[in-house]
Structure formats: structure tokens, C-alpha cells
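Chain A is the first sequence line, chain B the second, and so forth, proteins listed ahead of strands; every chain is numbered from 1.
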Amino acid sequence: MKKFYVTTSIPYVNAKPHIGHALEFVQADALARYWREVASDTREVFFLTGSDENGSKNYKTAKEEGVTTEAFVARHRAAFQELLLLLNITNSDFISTTDRIRHWPTTQKIWRLLAEKGSIYKANYTGYYCVGCEAYILEKELVEGKCPIHRKAPEHLQEENYFFRLSNYTQDILQRIEQGELRIIPESRKKEIVNVLKEGLQDVSFSRPKDKLPWGVPVPDDPDHVMYVWCDALTNYLSGAGYTADKQRFLKFWPADVHVIGKDIVRFHAAIWPGMLLAAELQLPKTILVHGFVHTKGEKMSKSLGNVVDPKEMAEKYGTDALRYYLLREIPTTGDGDFTIGQFERRYEADLANDLGNLFSRVVAMTERYVDGTVPHAQGDPKLDTRKSWVAYHQHIQEFSFDKALEVVWAHISLCNRYVDEQKPWEKGNAEQRGVILFSLLESLRHHALMLRPFLPTTSAMMLERLGASNITSQDWGKLPQGTNVTKGAALFPRLSHQVHL
RNA sequence: CGCGGGGUAGAGCAGUCUGGCAGCUCGUCUGGCUCAUAACCAGAAGGUCGAGGGUUCAAAUCCCUCCCCCGCAACCA
């Protein structure tokens with residue numbers, strides 16, 4: 001059986017998860033579910049997510065809060081894991097960069113591989129160090145030569161760092177990206193990174209002295225140094241797949257088919273990461289899927305503006321599937337998107353409650369009223385045949401256009417609503433056609449449910465169950481079992497105005 | 001001249017490559033229907049396609065100039 005390995009980036013767990021994290025989780029989950037259960041050639045899926053927990057920021061914040069760093073990161077990690085559950089994310093595994101059993105051996109092995117190849121060397125790093133910040137600040141960040149936060153002139157310091165010879169791999173990376181061996185989606189992001197590569201890559205600092213970065217993975221054979229983020233974090237994609245802990249699994253799933261990431265970390269994934277893999281003589285991931293940022297009313301979300309949308313709150317109030325739907329339908333897969341409560345509620349009412357929910361409701365109600373609540377023995381009307389929808393649907397998902405795949409489903413839902421009005425199954429004169437009409441509509445709903453599996457898993461399962469088709473996964477037209485009972489159940493998406501606000 | 005994306009109806013977007021009556025979704029208004037979650041269906045109103053100039057029988061689309069917004073600009077995940 002073919003495999004599919006998809007990852008999210010690992011969020012730095014120094015704060016609560018925000019809606020952007022939710023977007024990334026849901027996109028990756030849609031892909032995982034699609035390849036696991038809907039694609040015409042389903043694959044064995046490995047879906048990895050995790051948490052980035054090292055770095056001085058966590059160490060410092062924990063200290064300020066008077067808790068151990070372990071406790072601090074554990075608490076934040078738990079918030080992310082809670083969100084994964086809440087969003088119904090089907091990750092196969094979860095890797096943390098503080099995992100000494102599964103993660104550290106991988107990072108150290110990769111470090112050693114790069115060192116053996118002569119791709120790691122020691123050199124002096126010079127920069128402006130602010131004692132107040134306990135960190136280097138870039139020259140351009142200085143205001144009148146002073147740290148903008150502490151209003152003190154930084155010290156010009158020099159420290160020993162290990163560096164990775166990324167510059168050596170520029171041409172190789174460029175070639176692989178230009179030829180599509182490493183795909184970057186969308187095209188505009190590819191262009192961006194190709195331009196960067198054409199200007200040439202510089203070597204990157206790969207370590208920090210232990211006193212500057214006390215919370216991290218030790219550099220092999222040098223107790224005075226700790227790995228800087230690149231070798232520590234990017235390698236999660238290897239360690240999580242079992243590079244050192246489960247070699248069978250690793251052999252099966254590497255290379256990654258899709259890394260789902262945000263546009264802020266394209267360079268790291270499209271330049272440093274492939275460079276490291278080339279140096280380690282490992283295969284490169286096949287695709288990097290880059291999503292945009294979630295704005296609200298066109299503005300960045302920020303605490304100071306007080307416009308932050310909490311994914312947990314949204315999922316709890318409106319339901320997991322409704323949130324998943326909005327993120328996958330309203331936010332263009334690879335572009336920036338807007339998240340506002342008003343727009344969210346409009347989408348919920350118009351698409352979920354009125355179009356899908358009401359179609360389900362009226363069709364099942366008519367089945368109960370006119371044909372005893374059982375699926376009629378009849379042929380599917382070719383007018384509603386979903387074959388063309390399926391073709392478009394598969395194509396859009398495989399091109400990562402989740403919004404367009406959902407549009408295809410909704411186009412068919414509209415077609416069904418129109419069909420009901422045209423066929424008028426309630427008129428006495430149409431009694432003989434009722435079998436065909438209702439069978440075709442019920443069968444359409446089964447197809448909608450199947451198509452929605454990657455996106456609205458709970459709703460999809462509920463629809464199939466009520467149609468008596470939980471195990472009928474055929475994408476052919478007319479395969480709904482006849483003579484079985486259908487049940488109406490509660491509204492799939494109750495109208496918001498009717499909701500009791502507690 | 002740093003690189004890139006964008007400015008089309010009240011909102012969000014497609015159309016620009018390959019010129020040909022300006023389109024989609026939501027919202028608004030009117031009508032129809034009564035199976036349904038006051039849902040559904042039909043129709044209508046609403047746009048100097050950022051500005052100016054050019055090419056053309058014809059420009060949102062091609063060319064030139066300008067204005068505005070937003071990313072990125074390498075160690076800020």
C-alpha cells in the first residue's frame with residue numbers, strides 16, 4: 001500500500017494556541033483524512049504534529065513565573081494537545097523537542113552526520129548583545145544605537161558558534177526547487193524563495209554557548225554548546241517518523257509528502273531544511289504547502305488591539321465542524337484570510353444550516369412522510385449523478401485547493417435544492433416519481449457526506465449513519481442500500497438565532 | 001530602481017496569461033413555493049474594474065507613467 005506522510009510545523013509553545021495554529025492543524029488533517037479514507041487509491045497515512053519547546057525564551061519566561069521550565073512547557077504543550085482534540089485532528093503521533101528518548105538522539109545523529117561531512121565548523125559570531133534582553137539584537141532594530149526596550153547601548157560581543165555550511169548547498173536546493181523535485185505551493189512562494197536562492201545562501205549559526213541557551217539539546221562532544229533552533233526543531237520531522245526510535249516506520253514513511261507550514265517560515269523549510277537533508281544524504285520532502293495568515297477585518301490579530309479570535313472558544317460555541325468548515329472554505333488554502341465573527345456566522349447560517357442542513361432535513365422528512373421512512377427501491381436520476389463532481393473534487397484536493405473542493409460539494413447541494421423545487425415530490429400527480437426523486441436525493445446526500453469526510457468528519461459520520469450507509473463508501477452513483485430506514489434526527493446545524501445562549 | 005502579492009457592486013473574491021455584451025458567494029429588495037432548520041426556488045437593484053495616458057474596430061485584460069495597501073528583506077518559528 002502506498003503511504004502518505006504529512007506534517008504540521010511544530011508551534012513554539014510559549015503562549016496559547018491561536019486561530020492560525022487551528023488553520024494549519026485543520027489543513028493537515030483534511031489531507032490526512034482524505035488520503036486515508038476518500039482518495040480513490042487510499043494510502044497508509046502518517047500524520048505528525050508536535051511542539052517546539054527548547055530555547056531561551058521558555059527558560060526565561062518560566063523563571064520569571066517561578067516555575068520549572070519543564071512545568072512551563074508541559075502546561076503550554078497541554079493547551080495545544082487540547083486544541084488538537086477539540087478540532088478532531090487525527091494526528092498519528094506528537095513529538096516534542098524536549099523528548100530525550102525519541103527526539104534528542106535524532107538531532108545528535110544528524111549533527112554528527114553533518115559534522116562528518118565537514119558541513120559544520122566553528123567560527124566567531126559577532127553582534128549586539130543587550131544585557132537587559134539577554135539576547136542579541138539586530139543592528140536595524142536599534143534605536144539611536146540603543147536597545148528600544150531597555151534604552152541602553154548594547155555590548156558588541158563576540159562568541160563562538162558552530163555554523164552549518166548552508167552556502168554549499170545553494171545550487172543543489174535551487175535546482176531541485178526549480179525542477180519541482182521539491183514543490184513549493186503556491187507558485188508565488190516558490191518565486192520568493194527562488195529569488196532568495198539566486199542571491200545565494202549564507203551559512204547559518206547552528207549553536208549557542210550553553211550559558212546563553214541553557215534549555216536545549218547539547219551539541220555532541222562539546223558540553224559548552226547547545227544546538228540552535230535549526231538542528232533542534234526541523235529534525236522533528238525525522239525523529240517523529242522514527243528516524244532513531246522506529247526504523248521500520250521511518251523507512252516506510254520518509255520522505256515527507258507534505259509539510260504544511262505558515263508563510264513566515266518558508267525560508268527555514270525551503271532553504272535550511274533541504275540543505276540539512278542534502279548534507280545528511282536523506283531524501284527531501286516532496287511538497288511544502290504554505291498557508292497565509294488569518295486576519296480579522298483585514299487587521300492582524302493582536303492582544304493590544306483586542307481582536308484575537310480564540311479557536312477554543314469558537315469550537316466550543318459553534319461546534320468543531322463549523323470551525324473546520326470556515327477555516328477550510330472561507331480562508332483560501334494558500335492565501336491570507338479573514339476571520340470575523342459576523343462572516344463566520346453568515347457562513348454558518350447560509351452554507352451549513354440553510355443549504356446543507358436544511359436539504360438533509362427536507363429530504364429525510366419527505367422520505368418519512370411519503371415513503372415510510374425507508375430508502376425507495378428505485379434508480380438514481382442521472383440529473384443528480386455525482387460523477388463529474390467527484391472528478392473535480394479529487395482534482396482540487398490533490399492540488400491543495402480545499403476551498404474549491406468544498407465549492408464543488410456545495411454546487412451539488414444547490415443542484416439538489418433546485419431539483420426538489422422542480423420535481424415537487426409533494427404534489428399528488430408526482431406520486432409515481434417519488435421513488436426516483438427521493439432515492440436520488442438520499443443518494444446525493446450520501447455522496448455529500450463522503451465528500452465531506454476530510455472536512456466535517458462528525459457531520460459526515462452522522463449523515464451516513466442516519467442514511468443507513470455508514471459502511472457504504474462507494475463513490476459510484478446509485479449505491480445507497482434500498483429498503484433501509486433513514487432517521488431524521490436533530491438539525492445538523494441548528495440556526496444560531498434559535499440557539500439558547502447560556 | 002531590493003524582491004513579491006494586491007487595489008473589480010455594501011462585504012469577500014473570480015475574471016487579466018490566450019482583448020470581444022463585467023461574473024460568483026454573502027447581504028439587500030420583489031415574487032413563487034409550502035417538503036424543510038421563517039429554510040428552498042426565481043427575478044431585480046447595485047460597479048467611471050485604483051488614477052492618467054497609449055495601442056486597437058474593441059481594453060478589467062496588452063503597453064507606459066503615477067498613487068495606495070500588504071508581505072518578505074536570512075537566524076524575529
Side-chain angles (χ1 to χ4, degrees), chain A residues 9-14 20-21 52 55 57 125 127 135-138 140-141 161 163-164 166 186-206 208 228-230 232-234 261-269 271-272 292-293 295 297-300 329-332 335-338 340 342-343 345-347 349-370 403-404 407 410-411 413-414 416-427 430 434 437-438 441 488 490-499:
Chain A
S9 62
I10 50 172
Y12 195 66
V13 292
N14 65 338
H21 295 119
D52 180 8
K57 219 187 278 175
Y125 176 89
Y136 282 92
I137 28 183
L138 295 178
K140 67 176 181 186
E141 290 173 336
N161 278 192
F163 281 77
F164 170 55
L166 180 60
E187 191 68 22
S188 54
R189 296 289 163 210
K190 173 178 172 180
K191 234 185 250 174
E192 210 171 271
I193 201 71
V194 163
N195 283 335
V196 171
L197 287 162
K198 280 183 174 162
E199 283 168 26
L201 297 170
Q202 287 178 21
D203 294 347
V204 289
S205 161
F206 235 43
R208 288 285 186 274
Y228 190 59
V229 62
W230 317 122
D232 167 24
L234 289 164
I261 64 166
K263 66 181 185 181
D264 51 332
I265 52 175
V266 176
R267 282 153 195 267
F268 314 145
H269 283 77
I272 299 176
F293 287 160
H295 294 158
K297 290 178 187 160
E299 287 178 318
K300 273 190 184 176
R329 171 78 191 259
E330 182 73 15
I331 315 278
D336 288 345
D338 207 64
T340 54
Q343 183 66 2
E345 294 196 337
R346 237 169 279 143
R347 274 281 180 200
E349 295 265 324
D351 297 2
L352 297 176
N354 297 350
D355 290 345
L356 173 61
N358 182 57
L359 176 66
F360 187 86
S361 172
R362 69 198 300 212
V363 169
V364 175
M366 285 191 284
T367 305
E368 287 178 345
R369 189 194 282 220
Y370 299 121
D403 48 339
K404 287 188 183 149
E407 255 173 50
W410 256 262
I413 290 171
S414 284
C416 289
N417 271 322
R418 233 173 297 140
Y419 182 81
V420 174
D421 276 52
E422 284 162 8
Q423 301 297 323
K424 305 187 197 330
W426 52 86
E427 284 189 356
N430 291 332
R434 274 180 196 151
I437 296 168
L438 291 174
L441 288 165
K488 190 169 175 204
L492 293 175
F493 296 96
R495 309 201 93 244
L496 297 172
S497 46
H498 288 188
Q499 257 189 359

Worksheet item: Do the charged groups of A:Arg362 and A:Asp421 touch, with an N to O distance under 4.0 Å?
Response: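 So A:Arg362 pairs with A:Asp421 through a salt bridge.
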Practice prompt. Look at A:Glu192 together with A:Arg189 and state whether they make a salt bridge at an N to O cut-off of under 4.0 Å.
Written response: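 So A:Glu192 pairs with A:Arg189 through a salt bridge.
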Whole-Å distance separating the [atom1] atom of [X] from the [atom2] atom of [N]:
X        : N      : atom1 : atom2 : value
A:Leu356 : B:rA39 : CG    : P     : 16 Å
A:Leu438 : B:rA36 : CG    : C1'   : 13 Å
A:Asp264 : B:rA74 : CG    : C1'   : 14 Å
A:Phe360 : B:rA39 : CZ    : C1'   : 16 Å
A:Asn161 : B:rA74 : CG    : C1'   : 15 Å
A:Asn417 : B:rU34 : CG    : P     : 16 Å
A:Leu496 : B:rU37 : CG    : C1'   : 11 Å
A:Asn354 : B:rG27 : CG    : P     : 8 Å

At under 4.0 Å between heavy atoms, what does [X] touch on the DNA or RNA strands: base, sugar-phosphate, or nothing?
X        : answer
A:Ile10  : nothing
A:Asp355 : sugar-phosphate
A:Ala491 : base
A:Trp410 : nothing
A:Ser9   : nothing
A:Ile261 : nothing
A:Lys198 : nothing
A:Gly20  : nothing

Which nucleotide, if any, forms a Watson-Crick or G-U wobble pair with [N], using both distances under 3.5 Å?
N      : answer
B:rA38 : none
B:rU56 : none
B:rG43 : B:rC29
B:rG15 : B:rU8
B:rC3  : B:rG71
B:rC66 : B:rG50

Pairwise [atom1] distance, [M] and [N] [rounded to whole Å]:
N      : M      : atom1 : answer
B:rA14 : B:rA60 : C1'   : 12 Å
B:rG46 : B:rC40 : C1'   : 24 Å
B:rG43 : B:rG5  : P     : 38 Å
B:rC63 : B:rU16 : P     : 14 Å
B:rC29 : B:rA45 : C1'   : 7 Å
B:rC66 : B:rG2  : P     : 13 Å
B:rA51 : B:rG7  : P     : 13 Å
B:rC13 : B:rG27 : C1'   : 15 Å

Discussion item. I'd like to know whether the aromatic ring centres of A:Trp230 and A:Phe268 sit less than 6.0 Å apart in this structure.
Written reply: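 Yes: the rings meet the under 6.0 Å criterion.
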Discussion item. So if I take every side-chain heavy atom of A:Arg418 and compare against B:rC41, B:rG71, B:rU37, which nucleotide ends up nearest?
Written reply: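 Of B:rC41, B:rG71, B:rU37, B:rC41 is nearest to the side chain of A:Arg418.
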Does a nitrogen or oxygen in the side chain of [X] sit under 4.0 Å from OP1 or OP2 of [N]?
X        : N      : result
A:Tyr228 : B:rC76 : yes
A:Arg369 : B:rA36 : yes
A:Arg346 : B:rU25 : no
A:Lys263 : B:rG5  : no
A:Arg495 : B:rA39 : yes

Practice prompt. Rounded to the nearest 0.5 Å, what's the gap from CG on A:Asp203 to CD1 on A:Ile272? Could you check?
Written response: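 Those atoms lie 10.5 Å apart.
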Practice prompt. Specify the residue among A:Ala353 and A:Asp203 whose closest nucleotide of RNA chain B lies further upstream toward the 5′ end.
Written response: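 Here A:Ala353 is the residue nearer the 5' end.
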Fill in: Toward the 5' end of RNA chain B, by each residue's nearest nucleotide, A:Lys424 or A:Glu330
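The residue closer to the strand's 5' end, by nearest nucleotide, is A:Glu330.
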Worksheet item: Taking everything shown except A:Lys404 itself, do over 12 heavy atoms lie less than 6.0 Å from its NZ?
Response: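 12 or below, so no.
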Worksheet item: Under the 3.5 angstrom rule, does the side chain of A:Arg208 hit a backbone N or O of A:Tyr228 as a donor-acceptor pair?
Response: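 Checking the backbone N and O of A:Tyr228 against the side chain of A:Arg208, no donor-acceptor pair under 3.5 Å is found.
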